[in-house]
Amino acid sequence: MKYLLAISGAFLMAACSPQATSEPAPIEKAAPSTHPVSGLQVIPLTVRTDEGEHQFDVEVARSREEQARGLMFRTELGPNEGMIFIRNPPDVASFWMKNTPLPLDIIFVDPDGTIINIAANTPPYSLDSVSAEGITGTVFEIVGGRAAELGIEAGDTVEY
């Protein structure tokens with residue numbers, strides 16, 4: 001009997017508590033995430049192609065130092081991961097693969113979010129320069145060959 005009374009009392013207390021309302025709890029905005037290796041902020045990025053949308057989680061290289069390091073020395077990059085380099089002010093961007101062991105697709109994006117050109121499967125450790133074919137607002141790097149695999153090409157749009 002004591003056991004039954006204790007359960008009944010607990011039920012009544014739970015039913016009367018503020019948590020037992022029909023209003024949903026407020027949704028808290030998630031804190032920005034950071035990449036465990038680089039320590040850079042990670043944000044979502046969408047590429048829109050004629051075939052559909054492709055979602056990526058990208059590290060944001062903002063400072064000169066972050067942009068100079070980029071993906072150097074990195075030995076892993078997931079198929080839906082990447083890094084963006086925000087060019088401020090926009091310019092004709094040029095990149096190389098010094099100290100970068102992974103082949104990359106380097107995607108040059110104009111200030112309005114349209115892909116200008118793609119340097120596909122850039123060779124690891126190469127000191128050869130790959131450049132944009134126009135004024136660049138953002139450079140987006142992903143695993144080499146991934147752009148072709150997803151049908152990403154010049155004229156598609158990037159949003160983050």
Side-chain angles (χ1 to χ4, degrees), residues 19 22-160:
Q19 296 173 346
S22 61
E23 294 180 33
I27 298 173
E28 293 183 29
K29 191 172 183 178
S33 63
T34 56
H35 193 273
V37 174
S38 68
L40 298 177
Q41 180 183 15
V42 176
I43 64 170
L45 178 142
T46 303
V47 178
R48 289 185 175 82
T49 69
D50 289 339
E51 288 78 38
E53 294 184 356
H54 305 286
Q55 306 295 320
F56 295 88
D57 290 322
V58 296
E59 301 166 59
V60 183
R62 295 182 194 279
S63 72
R64 277 182 157 305
E65 295 78 21
E66 292 166 352
Q67 292 191 12
R69 182 171 179 92
L71 290 169
M72 285 184 179
F73 310 107
R74 295 281 287 277
T75 57
E76 295 179 1
L77 189 63
N80 295 316
E81 295 178 330
M83 183 176 281
I84 60 170
F85 303 78
I86 300 169
R87 314 292 288 183
N88 191 10
D91 60 4
V92 178
S94 183
F95 280 59
W96 64 357
M97 295 291 289
K98 181 179 180 179
N99 298 319
T100 308
L102 298 170
L104 299 173
D105 288 343
I106 302 175
I107 302 170
F108 298 96
V109 183
D110 75 14
D112 294 326
T114 302
I115 295 174
I116 304 166
N117 65 295
I118 300 171
N121 273 312
T122 53
Y125 301 107
S126 174
L127 298 181
D128 294 339
S129 182
V130 294
S131 299
E133 295 174 358
I135 300 297
T136 309
T138 304
V139 177
F140 170 40
E141 294 181 340
I142 57 178
V143 172
R146 188 77 170 129
E149 181 182 318
L150 297 174
I152 297 171
E153 55 190 28
D156 293 339
T157 58
V158 173
E159 185 179 294
Y160 56 90

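We number each residue from 1, following the sequence as shown.
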For residues 65-73, please give each side-chain donor-acceptor pair under 3.5 Å, one per line with the distance, not counting sequence neighbours.
residue: Glu65; atom: OE1; partner: Ser63; partner atom: OG; Å: 3.4
residue: Glu66; atom: OE1; partner: Arg62; partner atom: N; Å: 2.8
residue: Glu66; atom: OE1; partner: Ser63; partner atom: N; Å: 3.1
residue: Gln67; atom: NE2; partner: Ala61; partner atom: O; Å: 3.0
residue: Gln67; atom: NE2; partner: Arg62; partner atom: O; Å: 3.3
residue: Gln67; atom: NE2; partner: Ile86; partner atom: O; Å: 2.9

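- Taking 4.5 Å as the limit, every side-chain heavy atom of Val47 sits out of range of all side-chain heavy atoms of Ile107.
- In this structure, Glu76 places its CD atom where only 12 or fewer heavy-atom neighbours from other residues, nucleotides or ligands lie under 6.0 Å away.
- The stretch residues 97-119 participates, sequence neighbours left out, in no salt bridge (charged side-chain N to carboxylate O under 4.0 Å, His left out) pair at all.
- For Glu59, the salt bridge (Lys or Arg N to Asp or Glu O under 4.0 Å) test picks out Arg74, with sequence neighbours left out.
- Side chains of Leu150 and Thr49 form no contact here, defined as non-hydrogen atoms less than 4.5 Å apart.
- Between Leu40 and Val60 there is no side-chain heavy-atom pair separated by less than 4.5 Å.
- Distance check: Ile106 CD1 to Asn117 CG gives 10.0 Å after rounding to the nearest 0.5 Å.
- Residues Ser129 and Phe95 are not in side-chain contact: their nearest non-hydrogen atoms beyond the backbone lie 4.5 Å or more apart.
- For the ring pair (Phe, Tyr, Trp, His ring centres under 6.0 Å) test, no residue two or more places apart in sequence or in another chain qualifies with Phe108.
- For the pair Val58 and Ile43, the minimum side-chain heavy-atom distance is below 4.5 Å.
- Listed for the Thr157 side chain is no donor-acceptor partner under 3.5 Å among the backbone atoms of Gly113.
- Glu53 pairs by the side-chain contact (heavy atoms from CB on, under 4.5 Å) definition with Thr46, Arg48, Gln55, not counting sequence neighbours.
- Among all heavy-atom pairs drawn from Thr75 and Leu102, the shortest one is O-CD2, 3.5 Å.
- Interatomic distance, Ile115 CD1 to Glu153 CD, rounded to the nearest 0.5 Å: 8.5 Å.
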Only distances under 3.5 Å count here; give the side-chain donor-acceptor pairs of residues 130-144 to other protein atoms, sequence neighbours excluded, each with its distance to 0.1 Å.
residue: Ser131; atom: OG; partner: Ser94; partner atom: OG; Å: 3.1
residue: Thr136; atom: OG1; partner: Asp91; partner atom: O; Å: 3.4
residue: Thr136; atom: OG1; partner: Gly134; partner atom: O; Å: 3.1
residue: Thr138; atom: OG1; partner: Tyr160; partner atom: OH; Å: 2.8

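- Scanning both residues, Phe85 and Met83, for their nearest heavy atoms gives CZ-SD, 3.5 Å.
- With rounding to the nearest 0.5 angstrom, the CD1 atom of Ile84 is 9.0 Å from the CD atom of Gln41.
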